[in-house]
Q: 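Take this structure first; my questions come after.
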Amino acid sequence: METFNVYASRLITKKEYFSPGHRACQGCAEALAVRMVAKALGQNVIVSSATGCMEIVSSPLPFTNWRVPWIHVAFENTSAVASGVEAGTKALIRKGKLPDKGTVFLGMGGDGATADIGLQSLSGAFERGHNFLYVCYDNEAYMNTGIQRSSSTPFGAATTTSPAGKLTPGQITWKKNMAEIAVAHNIPYVATSCSSYPFDLIQKVKKAARINGPAYIHVLSVCPTGWRVPPNKAIWIGRLAVETGVFPLYEVENGKYRITVDVPELRPVLDYLKPQGRFRHLTPELVDEIQERVTHEYNKLKAKTAL
Amino acid sequence: MKPAVLTGEYFMTGDVACAEGALAAGCRFFGGYPITPATEIAERMAIRLSHVDGCFIQMEDEIGAMASVLGASWGGMKSMTATSGPGFSLMMENIGLGICTETPCVVVNVQRGGPSTGLPTHGAQGDMMQARWGSHGHYEIIALAPSSPQEIFYLTITAFNLSEKYRLPVLIMTDEIIGHMSEKVIIPEAKSIKTVSRPKPKGRKDRFKPFAPGPNGVAPMPAAGEGYNLHITGLTHDEKGYPVMTVEAQTEMMARITEKIQRNLDDIIRTDSYLLEDAEIAVVSYGISARTSIAAVAEARKLGIKAGLLRLVTIWPFPEDQIRKLADRVKGFVTVEINLGQIHREVERCAGGKVPIFLVGHPGGTIIHPDSVVKMLMEAF
């Protein structure tokens with residue numbers, strides 16, 4: 001990450017492409033992430049958006065807040081539609097029917113639309129090598145339909161379809177590692193980010209947009225409604241996710257790993273779990289299990305950065 | 001830990017009543033995927049199946065959900081999924097696989113406005129023809145349309161019984177309005193609920209043919225692992241289950257999967273009526289629109305119009321005889337449904353041009369108001 005001085009916020013454009021007036025919940029860090037991504041990309045972008053929270057909060061009249069071309073597709077096909085938009089535009093440029101303005105093709109979806117139902121379409125687009133950027137806004141469950149688990153829901157989190165009680169401790173599987181799945185496609189750029197670190201996010205989006213070929217950014221997006229945290233704590237929770245090593249921020253450029261927000265000493269994972277209602281049923285044993293896994297995964301990542 | 005049958009009186013939504021009906025019918029597997037307005041069925045099953053040692057799995061999409069239901073059925077469980085329009089579209093290939101492999105299961109479609117993403121939070125009845133012909137190829141299907149949370153409880157049990165008896169996916173075609181509507185639901189005692197389970201094969205295991213029809217046209221069905229050799233395929237197959245790509249095998253298999261329904265129409269078809277005995281105009285409706293129609297028929301009677309209601313509980317196979325008989329004695333038909341004329345076409349076909357037929361339809365998003373039905377009854381006849 002580049003060094004910013006205290007006036008760094010002034011370096012971000014005042015222009016809004018994802019404008020105010022949408023109907024996201026109070027404290028929605030996902031809407032904040034979308035806003036930052038839109039700022040980073042500017043006017044010259046075509047957005048393909050999956051069904052999900054960000055579609056439903058940003059599109060119906062009179063709350064429509066996109067100031068760039070935007071297409072809502074079905075749930076499973078964002079990357080396929082973005083592939084078509086990219087390939088079609090490229091063909092028209094080749095035939096001289098459209099000027100080459102360096103338009104960015106953005107596909108976006110939530111964790112369900114990316115890691116579950118849309119994974120096949122995303123994998124196909126990576127393999128074909130379209131020059132597009134896919135941003136996954138990961139709020140770790142199907143929040144639009146009312147908090148059902150996804151394959152991106154962390155172990156132990158309670159949702160309506162992974163209920164916590166005497167019989168189950170909430171989600172019983174570990175979070176799918178989408179960034180690593182993207183890396184396995186050998187695409188030129190993969191990164192993780194979080195809207196609690198706006199400069200990190202903006203830098204990565206700008207870099208991804210410049211790169212020729214598929215790029216993938218996985219953005220942890222705190223959901224106060226679904227995670228059972230107060231709306232005014234969303235940014236803090238996002239920071240804790242990074243500071244505890246639960247969600248490290250890194251980028252993989254042509255296979256080279258680099259941690260972008262360095263955490264010299266990880267805080268205990270309990271600091272992250274404790275403020276969240278979705279984890280309140282966890283026993284100390286389960287917390288230990290999560291700690292062990294987080295440490296293990298973090299060390300694995302660290303080892304990769306040393307390569 | 002609660003029992004499978006929650007005997008008692010409740011105030012519950014159609015979605016919750018559907019889940020409770022499934023548990024009462026013996027359903028112990030649910031493969032789900034969130035979609036408004038059917039999510040509540042999955043949410044209820046996620047909790048309740050754990051009470052009865054059942055299995056709830058949330059799949060990665062509706063393709064997976066439907067496929068998991070077929071797999072669970074061959075594993076020996078009564079299985080179910082629930083969805084709405086977009087998910088129903090994704091399930092279509094696997095519903096066809098269920099038809100071809102004669103796999104008992106239940107699919108609930110809580111209909112919302114379409115096409116595409118449409119109106120996720122508003123009701124419609126626009127998937128009725130998709131229910132009949134949505135998967136490719138020619139086949140027979142069973143679809144039921146409940147009109148209230150109480151009825152969805154009972155019809156879910158009926159759906160499981162029919163699917164087990166005739167070995168095919170049975171569809172419950174409800175809608176957002178019933179799914180999200182809270183009404184009184186009475187759940188009877190467990191012992192008063194009649195449940196049917198698929199007939200199990202008897203006799204020598206080495207001579208078993210998994211698709212050789214029994215007396216009612218349906219083959220007994222073992223579960224995988226019970227010692228019978230099973231070869232299950234979506235390719236055209238013979239009675240042993242092996243793929244045979246000939247015209248003869250296709251003809252024989254198609255006869256098996258269609259005749260078991262066509263020969264048992266009296267057992268499968270259910271209708272209900274209101275003031276129909278002396279009616280001169282027959283209102284034909286189903287699901288939530290039949291509730292509208294009851295009010296309209298009552299109002300029309302007050303105005304001196306001799307209207308009556310034929311409520312279709314079984315939609316597919318279509319109650320053709322009932323419509324044909326009515327066509328011989330009424331002056332005309334009015335169909336009421338939240339689409340722009342789907343079951344309407346079926347009524348028109350069966351009426352055979354004998355009497356005029358009018359549609360009170362709506363593109364979706366709301367219930368049909370009784371006034372619009374009364375208006376049609378006054379103006380058309």
Q: Who wins among Ile56(A), Leu167(A), Ile117(A) for the most heavy-atom pairs under 4.5 Å with chain B?
A: Ile117(A)
Q: Considering all heavy atoms of both residues, which atom of Asp116(A) and which atom of Tyr33(B) are nearest to each other, and what is their separation?
A: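 Between these two residues, the closest heavy atoms are CB-OH, 4.3 Å.
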Q: Do other residues, nucleotides or ligands put more than 12 heavy atoms under 6.0 Å from Glu93(B) CD?
A: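 Counting neighbours around CD of Glu93(B), 12 or fewer heavy atoms of other residues, nucleotides or ligands fall under 6.0 Å, so no.
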Q: Should the heavy atoms of other residues, nucleotides or ligands under 6.0 Å from CD of Gln120(A) be counted, would the total exceed 12?
A: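 For Gln120(A), atom CD is not crowded (no more than 12 foreign heavy atoms under 6.0 Å).
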Q: Please determine, by modelled atom types, if Gln148(A) and Glu43(B) share a side-chain donor-acceptor pair under 3.5 angstrom.
A: yes
Q: Report which part of Ser50(B) has an atom under 4.5 Å of a heavy atom belonging to chain A: side chain, backbone, both, or neither.
A: both
Q: Chain A heavy atoms under 4.5 Å from Thr117(B): which part of the residue, side chain, backbone, both or neither?
A: side chain
Q: Which one, Gly64(B), Ala46(B), Pro34(B), Ser116(B), leads in non-hydrogen pairs under 4.5 Å with chain A?
A: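 Most pairs with chain A among the choices: Pro34(B).
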Q: Is Met1(B) in contact with chain A via its backbone, its side chain, both, or neither, using a 4.5 Å heavy-atom distance?
A: side chain
Q: Looking at chain A, which one of Ile47(B), Leu90(B), Thr121(B) has the largest number of heavy-atom pairs inside 4.5 Å, strictly under?
A: Leu90(B)
Q: Please flag which part of Ser151(A) lies under 4.5 Å from any non-hydrogen atom of chain B: side chain, backbone, both or neither.
A: neither
Q: Is Ile63(B) close to chain A through its backbone or its side chain, or both, or neither, when contacts mean heavy atoms under 4.5 Å?
A: neither
Q: To the nearest 0.5 Å, what is the distance between OH on Tyr142(A) and OG1 on Thr36(B)?
A: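 Tyr142(A) atom OH to Thr36(B) atom OG1 measures 12.5 Å (nearest 0.5 Å).
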Q: Going from CD on Glu60(B) to NZ on Lys176(A), what distance comes out if it is rounded to the nearest 0.5 angstrom?
A: 7.5 Å
Q: Working to the nearest 0.5 Å, report the span between CD of Gln58(B) and OG1 of Thr153(A).
A: 7.5 Å
Q: A quick test of your reading: do over 12 heavy atoms of other residues, nucleotides or ligands sit less than 6.0 Å from CZ of Arg280(A)?
A: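 At most 12 heavy atoms, drawn from other residues, nucleotides or ligands, come within 6.0 Å of this atom.
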